[in-house]
There are 2 protein chains.
Amino acid sequence: MNETFKALSDPTRRKILDLLKESDLTAGEISGHFNMSKPSISQHLKILKNAGLVQDVKKGQFVVYSLNTTIFQDIISWAFNFTDDQKENKRG
Amino acid sequence: MNETFKALSDPTRRKILDLLKESDLTAGEISGHFNMSKPSISQHLKILKNAGLVQDVKKGQFVVYSLNTTIFQDIISWAFNFTDDQKENKRG
DNA sequence: TTATTATTTAGTTAAATACTTAAATACTTT
DNA sequence: AAAGTATTTAAGTATTTAACTAAATAATAA
């Protein structure tokens with residue numbers, strides 16, 4: 001869970017996830033949405049990928065990135081354990 | 001959401017949340033669970049408090065910390081928007 | 001009121017992070 | 001094969017973070 005939260009702790013990376021939520025995008029298309037160098041975005045994508053939050057597929061000379069939605073279920077499960085709902089379930 | 005994820009990105013702080021999930025604790029009791037100075041834990045508690053993840057109440061010379069469970073609902077909502085469930089709901 | 005206990009604030013340092021530019025790699029087109 | 005495009009890797013730097021110790025604040029007990 002540590003790599004996941006580390007990856008999510010940066011606003012640029014969360015904005016990348018927001019973009020990929022709408023549609024799959026190449027590395028270049030993603031970097032087009034930021035006032036930041038392509039290498040910087042590439043680094044962020046690497047961190048997101050290592051955290052399992054995104055996947056990539058090479059399409060010719062492009063690399064297409066997409067969300068890996070399964071990890072978000074893990075985040076939901078983690079957070080649910082801290083809610084009142086969970087406390088109620090414990091008791092009853 | 002940025003302060004929240006920043007706060008959650010540290011393993012020590014997530015462990016503090018785990019402890020408070022079981023019961024409310026004073027600052028000193030919390031620091032007793034770590035091989036770390038009390039001031040360091042105090043800083044972590046400050047960050048968790050500023051992020052709205054915990055609350056504190058002064059009881060005499062003690063400060064009792066407890067979870068603020070409402071924020072975790074926000075995390076769940078955020079994560080849910082990245083799941084396949086959400087995509088299905090969009091379509092149908 | 002002096003000493004003791006609980007906690008936070010202040011100041012410092014080492015390590016981690018997020019950026020940059022330049023160079024390398026991989027693929028495509030001519 | 002040479003040139004151009006897409007992307008990543010490498011190397012360097014400024015900022016942020018997380019730890020520490022020492023000092024300050026606040027409450028309690030002697």
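- Across the protein-nucleic acid pair, B/Asp56 atom CG and C/dA6 atom P stand 17 Å apart, rounded to whole Å.
- For the residue pair B/Leu67 and B/Gln55, the shortest heavy atom distance occurs at O-OE1, 3.6 Å.
- Taking both residues in full, the closest heavy atoms of B/Leu20 and B/Leu25 are given as CD2-N, 3.8 Å, listed atom of the first, atom of the second, then distance.
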I need a per-nucleotide contact map over nucleotides 15-27 of chain C, read 5' to 3'. Cutoff is protein heavy atoms under 4.0 Å; write B for the base, S for backbone only, - otherwise. --SSSBBB---SB
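- Each salt bridge (charged side-chain N to carboxylate O under 4.0 Å, His left out) pair with one or both residues in residues 26-53 of chain B, not counting sequence neighbours, appears once here: B/Lys49-B/Asp56.
- For B/Leu25 and C/dA6, the CG to P distance is 15 Å, given to the nearest whole Å.
- The phosphate of C/dT9 has OP1 or OP2 within less than 4.0 Å of a side-chain N or O from B/Lys46.
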For nucleotides 12-15 of chain D, print each protein N/O atom paired with a nucleotide N/O atom at under 3.5 Å, atom names and distance only.
none

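- Straight-line distance from the CG atom of B/Leu48 to the P atom of C/dT8: 12 Å, rounded to whole Å.
- For the pair A/His44 and A/Ile16, the tightest heavy-atom approach, listed with the atom from each and the gap, is CB-CD1, 4.0 Å.
- Applying the 4.0 Å criterion to OP1 and OP2 of D/dT9, one finds that A/Ser42 has every side-chain N and O outside that range.
- With A/Arg14 contributing its side chain and A/Leu8 its backbone, the two residues share a donor-acceptor pair below 3.5 Å.
- In this structure, A/Tyr65 reaches the D/dT8 phosphate: one of its side-chain N or O atoms is under 4.0 Å from OP1 or OP2.
- Contact annotation for B/Thr26: backbone-only contact, meaning every heavy-atom pair under 4.0 Å involves sugar-phosphate atoms and none involves a base.
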Please step through side chain to side chain contact (heavy atoms under 4.5 Å, CB included) for the pair A/Leu53 and A/Ile47, ending with a clear verdict. CA-CA 9 Å; A/Leu53 287 157; A/Ile47 289 165; over 6 Å; no
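- Rounded to the nearest 0.5 Å, atoms CD1 (B/Ile71) and OG1 (A/Thr83) are 13.5 Å apart.
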For A/Val64 and A/Thr26, run side chain to side chain contact (heavy atoms under 4.5 Å, CB included): C-alpha distance rounded to whole Å, both residues' side-chain angles, the deciding distance at 0.1 Å, then the answer. CA-CA 4 Å; A/Val64 179; A/Thr26 68; 4.1 Å; yes
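- The OG atom of A/Ser40 lies 11.5 Å from the CG atom of A/Asn35; values are rounded to the nearest 0.5 Å.
- Remark: P of C/dT7 and CD1 of B/Ile16 are 13 Å apart, rounded to the nearest angstrom.
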